[in-house]
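A note on names: the letters A, B, ... follow the listed sequences, proteins ahead of strands, and every chain is numbered from 1.
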Amino acid sequence: MKQMMGLINLEHERDTFQELTYFRCPAAIPFAGRYRLIDFTLSNMVRSGIQEVALFTNQKYRALMDHLGTGVHWGLARRHGGLFILPPDWHDPSDISRGDLRHFHNNRDYFHRSKADYVLVSGSQFIANTDYNAAFQKHLYTGADITLLTTETKLAPGNQQVRPRVELDEDDWVKSLHNDITNPIQFSGTYIIHKELLLELVDACIAYEKTDFFQATIKGNLHKLFVQTYHHTGYSAFIDSLESFYHQNMELLKPANYENMFLNRPPVLTKVSNEPPVKYGPNAQVSSSIVANGCVIEGTVENSVLFRGVHISPDTHIKDSIIMQRCDVASGVDLENVILDKDVHILENQRLIGSAEKPYTLAKRKVLV
Amino acid sequence: MNKEVVAMLLAGGEGKRLGPLTRHLAKPAVPFGGKYRIIDFTLSNCTNSRIETVGVLTQYSPLVLNQHIGAGSPWGLDLPTEGLSILSPYTAKEGGDWYKGTADAIYQNIHYIDQYNPENVLVISGDHIYHMDYNLMLEQHIETNADATISVIEVPWEEASRFGILNTTDSLSIYEFEEKPAAPKNNLASMGIYLFKWQELRKHLIEDAICFESTHDFGKDLIPKMLSVGNSMYAYQFEGYWKDVGTIQSYWEANMDLLNEDLSVSLNCKKWRTYSKVTNEPPQFIAETANIQNALIHSGSYINGTIDTSVLFENVSVGAGSTISHSIIHPNVTIGKNVRIERAIIKENTTIPAGTVISTPPTDEPMVIDDDTLPKRAVTVDYL
């Protein structure tokens with residue numbers, strides 16, 4: 001049976017998250033109550049039968065490494081295959097590669113050693129609960145050189161990057177890749193390619209001093225390569241800015257989106273912790289919210305996302321907000337359109353009101369007196 | 001170097017008084033507190049006391065328990081040479097037998113304990129909810145040079161006749177053991193936690209095994225025997241978080257107590273973590289129509305109805321217009337629309353159809369409902 005390996009390439013990730021990425025890379029941003037962005041891609045990979053995942057990291061990856069550990073929570077602490085974090089540290093004096101080609105060049109041995117025939121390349125900012133295996137089967141069946149995963153999703157307010165649009169013929173072959181936003185079919189950033197072809201194209205890129213593998217090879221060689229597509233239907237999101245991060249958290253509070261992402265589907269896997277169940281106090285009022293374990297809620301929470309271990313005191317009102325791990329909100333507080341990063345303490349009787357377009361954000365470990 | 005202490009955890013009991021709750025699983029595997037199983041507390045005590053060699057003795061309906069414990073990784077007991085071992089009854093060249101009593105279970109695993117040649121053996125059971133540092137007991141055990149130390153807890157005098165009572169001198173030296181005495185002389189009840197010098201226990205286990213009249217039980221046979229031959233035995237007085245969940249009524253009460261407790265000193269005590277097998281369920285979704293007060297609710301739950309004074313385990317879904325009060329809902333229960341549940345315990349994987357009413361009168365023990373008992377105990381109300 002043909003095998004795929006996974007490659008998560010973080011070199012070209014957009015980083016316009018302000019306070020949220022002062023100390024972490026975008027892939028490690030907490031999302032939807034208990035996850036980090038990378039969990040979605042990683043979960044899709046392992047449930048598609050991928051047993052080996054490599055990760056090109058380039059900066060601020062301490063939190064990411066802490067989160068991933070040995071990969072045990074994704075079933076990647078394996079005898080064969082497993083998780084390989086490949087940080088950017090290399091000292092080859094003959095190296096002339098640039099951009100993300102440096103990762104490919106300096107980790108070439110790793111690709112040779114892997115027994116997988118195909119590579120599924122992905123970023124971390126496309127969020128969906130999907131099965132890459134169907135895309136892989138289509139790739140094999142059509143005999144394509146490359147298969148792009150496409151999706152149709154409305155651009156959220158604040159999406160920074162215009163995702164490449166894909167123009168198809170009637171058999172789903174790619175005719176062109178462009179930036180015309182009237183075409184709803186977008187490239188998700190995920191594609192499947194044979195390993196030998198990948199390495200061949202990497203060599204060509206390095207020889208011609210290219211800096212972006214996808215741009216240079218696939219976009220630039222559409223006339224030479226057979227490029228297929230596999231279309232993802234159902235809920236999906238691109239998260240590449242503070243505004244899109246806020247908007248997509250709020251989108252998940254709609255029952256249909258939550259159900260599409262989490263219910264009656266294989267679970268999204270993440271690092272598990274040891275928190276007790278959520279405790280609701282005698283005067284709690286909670287509605288339209290996602291609440292993670294370990295929270296103690298004594299006040300009012302509406303239309304908000306609460307991460308693990310958050311404490312909401314009595315007589316406090318939280319609305320349209322995202323409260324991350326272990327935040328402590330004292331009584332008499334009023335929060336609306338606010339993002340609190342981890343370990344923020346809001347002391348008594350504070351009032352913080354942001355706007356839906358510009359949520360008020362407090363960085364990690366701030367204490368607001 | 002010899003090991004200071006090896007723990008032997010008795011987890012093979014049926015827990016008869018829990019009736020329908022233990023129909024398909026052993027008492028230590030009964031769910032508790034919205035997330036845990038009863039054995040989690042004893043295993044976490046071992047981890048937190050840095051006891052890293054634990055034999056778990058299983059017998060009655062062990063499947064759920066075995067899958068829960070696995071290799072012991074939630075408790076950090078998946079260690080290369082020590083760690084956790086599941087010790088089930090076995091056959092060998094000379095035949096084999098079920099564990100005939102608590103003492104027999106240890107007797108049949110003498111070879112397991114001998115591997116580590118420990119100074120002491122701690123015998124505990126997976127039946128109680130408590131936080132205990134076994135090292136404090138070990139310290140006293142070594143200080144008094146006792147052959148056996150038995151952990152006790154003070155119970156109200158009027159209830160003392162329900163327990164196994166240890167009569168002690170002022171220095172806590174034990175001179176008599178009375179099982180459920182009609183006229184108790186003391187109010188120190190045995191918690192079923194024993195610490196023995198291994199060589200002394202080993203000798204008594206071998207003698208007990210060939211004793212025809214013995215029922216091979218620690219409380220009934222071995223402890224009285226050790227007292228009668230003059231072994232030095234001391235009581236260790238425990239003070240702290242402890243709950244008995246022996247009957248359905250006490251099981252229900254112990255769960256309800258959690259709703260009024262400061263969890264930071266019980267389930268969520270940061271200095272004494274309670275570890276459990278963790279599953280990867282999504283965070284709970286509280287819908288617009290939900291109304292929740294006084295509740296413990298675990299991951300993966302999807303709540304559209306009203307929850308009042310109840311404990312909900314993982315993956316429970318509650319339909320709109322439903323009301324759940326003073327109840328315990330075990331994992332993976334699906335509750336339809338317009339259901340009313342009062343003072344009941346709903347077992348794992350049960351589906352409650354729309355319009356069902358399940359209500360236990362306040363004078364009765366809470367009903368235990370599963371797919372089998374549901375048709376007999378519930379009333380269906382047609383709202384249309």
Side-chain angles (χ1 to χ4, degrees), chain A residues 31-35 39 43 72-75 77 129 252-255 257-259 261-298 301-311 326, chain B residues 31-36 40 44 73-76 78 255 258-264 266-270 273-304 307-317 320:
Chain A
F31 182 68
R34 68 182 294 239
Y35 306 96
D39 292 341
S43 300
V72 67
H73 300 289
W74 296 267
N129 190 336
L252 273 181
L253 297 173
K254 294 178 180 158
N257 288 342
Y258 176 89
E259 286 166 24
M261 183 66 100
F262 295 120
L263 294 189
N264 311 318
R265 279 178 187 255
V268 180
L269 304 172
T270 188
K271 181 183 176 186
V272 294
S273 71
N274 204 54
E275 303 285 349
V278 179
K279 184 164 181 182
Y280 294 85
N283 301 311
Q285 289 291 345
V286 183
S287 63
S288 300
S289 292
I290 289 176
V291 185
N293 271 353
C295 288
V296 176
I297 306 179
E298 301 173 282
V301 178
E302 52 181 311
N303 212 48
S304 294
V305 177
L306 268 52
F307 283 71
R308 294 186 270 213
V310 166
H311 177 217
R326 292 188 303 271
Chain B
F32 181 81
K35 162 168 184 180
Y36 310 93
D40 291 343
S44 299
S73 47
W75 303 273
D78 52 339
N255 276 282
L258 294 172
L259 300 171
N260 305 316
E261 259 171 39
D262 178 1
L263 294 189
S264 66
S266 56
L267 296 186
N268 198 23
C269 179
K270 298 280 188 237
R273 300 298 296 261
T274 303
Y275 302 101
S276 185
K277 183 180 174 186
V278 201
T279 49
N280 235 320
E281 298 300 336
Q284 56 197 267
F285 190 84
I286 309 302
E288 202 176 351
T289 51
N291 188 10
I292 308 172
Q293 279 94 31
N294 257 332
L296 272 180
I297 301 180
H298 196 40
S299 309
S301 290
Y302 195 133
I303 313 293
N304 290 287
I307 315 289
D308 171 35
T309 317
S310 294
V311 176
L312 276 63
F313 287 73
E314 66 182 20
N315 274 332
V316 173
S317 81

> Does a side chain donor of either Glu302(A) or Ser287(A) reach within less than 3.5 Å of an acceptor in the other side chain?
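The criterion, which ignores hydrogens and geometry beyond distance, is not satisfied for Ser287(A) and Glu302(A).
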
> Taking every non-hydrogen pair under 4.5 Å, which of Asn294(B), Thr279(B), Asn260(B), Leu263(B) racks up the most with chain A?
Asn294(B)

> What part of Glu259(A) is in contact with chain B, defined as an atom under 4.5 angstrom from a non-hydrogen atom: side chain, backbone, both or neither?
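The side chain, not the backbone.
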
> When heavy-atom pairs shorter than 4.5 Å are enumerated against chain B, which of Ser273(A), Ala32(A), Ser289(A) gives the highest number?
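When all of Ser273(A), Ala32(A), Ser289(A) are compared, Ser289(A) has the most.
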
> So does Pro266(A) get a backbone contact from the side chain of Asn129(A), meaning a donor-acceptor N/O pair under 3.5 Å?
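Checked: pair present.
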
> So does Val72(A) get a backbone contact from the side chain of Lys271(A), meaning a donor-acceptor N/O pair under 3.5 Å?
no

> May I ask you to name which of Asn303(A), Val272(A), Val301(A) has the most heavy-atom pairs under 4.5 Å with chain B?
Val272(A)

> Just checking Tyr258(A) against Phe262(A), ring centres under 6.0 Å apart?
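Ring centroids of Tyr258(A) and Phe262(A) are less than 6.0 Å from each other.
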
> Contact part of Lys277(B) toward chain A, heavy-atom cut-off under 4.5 Å: side chain, backbone, both or neither?
neither

> May I ask you to name which of Pro267(A), Ala284(A), Ala292(A) has the most heavy-atom pairs under 4.5 Å with chain B?
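It is Ala284(A).
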
> For chain A, which of Leu267(B), Ile307(B), Leu259(B) has the most heavy-atom pairs under 4.5 Å?
Leu259(B)

> For chain B, find which of Gly309(A), Gly33(A), Pro255(A) contributes the most heavy-atom pairs closer than 4.5 angstrom.
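The option with the most such pairs is Pro255(A).
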
> When you compare the side chains of Arg34(A) and Asn280(B), does any donor N or O come within less than 3.5 Å of an acceptor on the partner?
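Short answer, yes.
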
> Taking the side chain as C-beta and beyond, is there a heavy-atom pair between Phe285(B) and Ile303(B) under 4.5 Å?
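The answer is no, as the side chains (C-beta and beyond) never meet within the 4.5 Å cut-off.
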
> Between the side chains of His298(B) and Glu281(B), is a donor N or O closer than 3.5 angstrom to an acceptor N or O?
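Result is no, nothing qualifies.
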
> Is Leu252(A) in contact with chain B via its backbone, its side chain, both, or neither, using a 4.5 Å heavy-atom distance?
backbone

> Side chain, backbone, both or neither: which part of Val286(A) has a non-hydrogen atom closer than 4.5 Å to chain B?
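For Val286(A), backbone and side chain are both near chain B.
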
> Count the heavy-atom pairs under 4.5 Å between each of Gln284(B), Glu288(B), Glu314(B) and chain A, then report the option with the highest count.
Gln284(B)

> For Ser73(B), which atoms come within 4.5 Å of any heavy atom of chain A: side chain, backbone, both, or neither?
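Neither; nothing under 4.5 Å.
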
> Can a donor-acceptor pair be found between the side chains of Gln285(A) and Asn283(A) at a distance below 3.5 Å?
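Distance-only check fails for Gln285(A) and Asn283(A).
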
> At a 4.5 Å cut-off on heavy atoms, which part of Tyr35(A) comes close to chain B: side chain, backbone, both, or neither?
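When you check distances to chain B, only side chain atoms of Tyr35(A) fall under 4.5 Å.
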
> Examine whether an atom of Ser276(B) lies under 4.5 Å from a heavy atom of chain A, and if so say whether it belongs to the side chain, the backbone or both; otherwise answer neither.
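The backbone, not the side chain.
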
> Tell me, do Tyr36(B) and Pro31(B) make a side-chain contact under 4.5 Å, heavy atoms counted?
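Tyr36(B) vs Pro31(B): side chains apart.
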
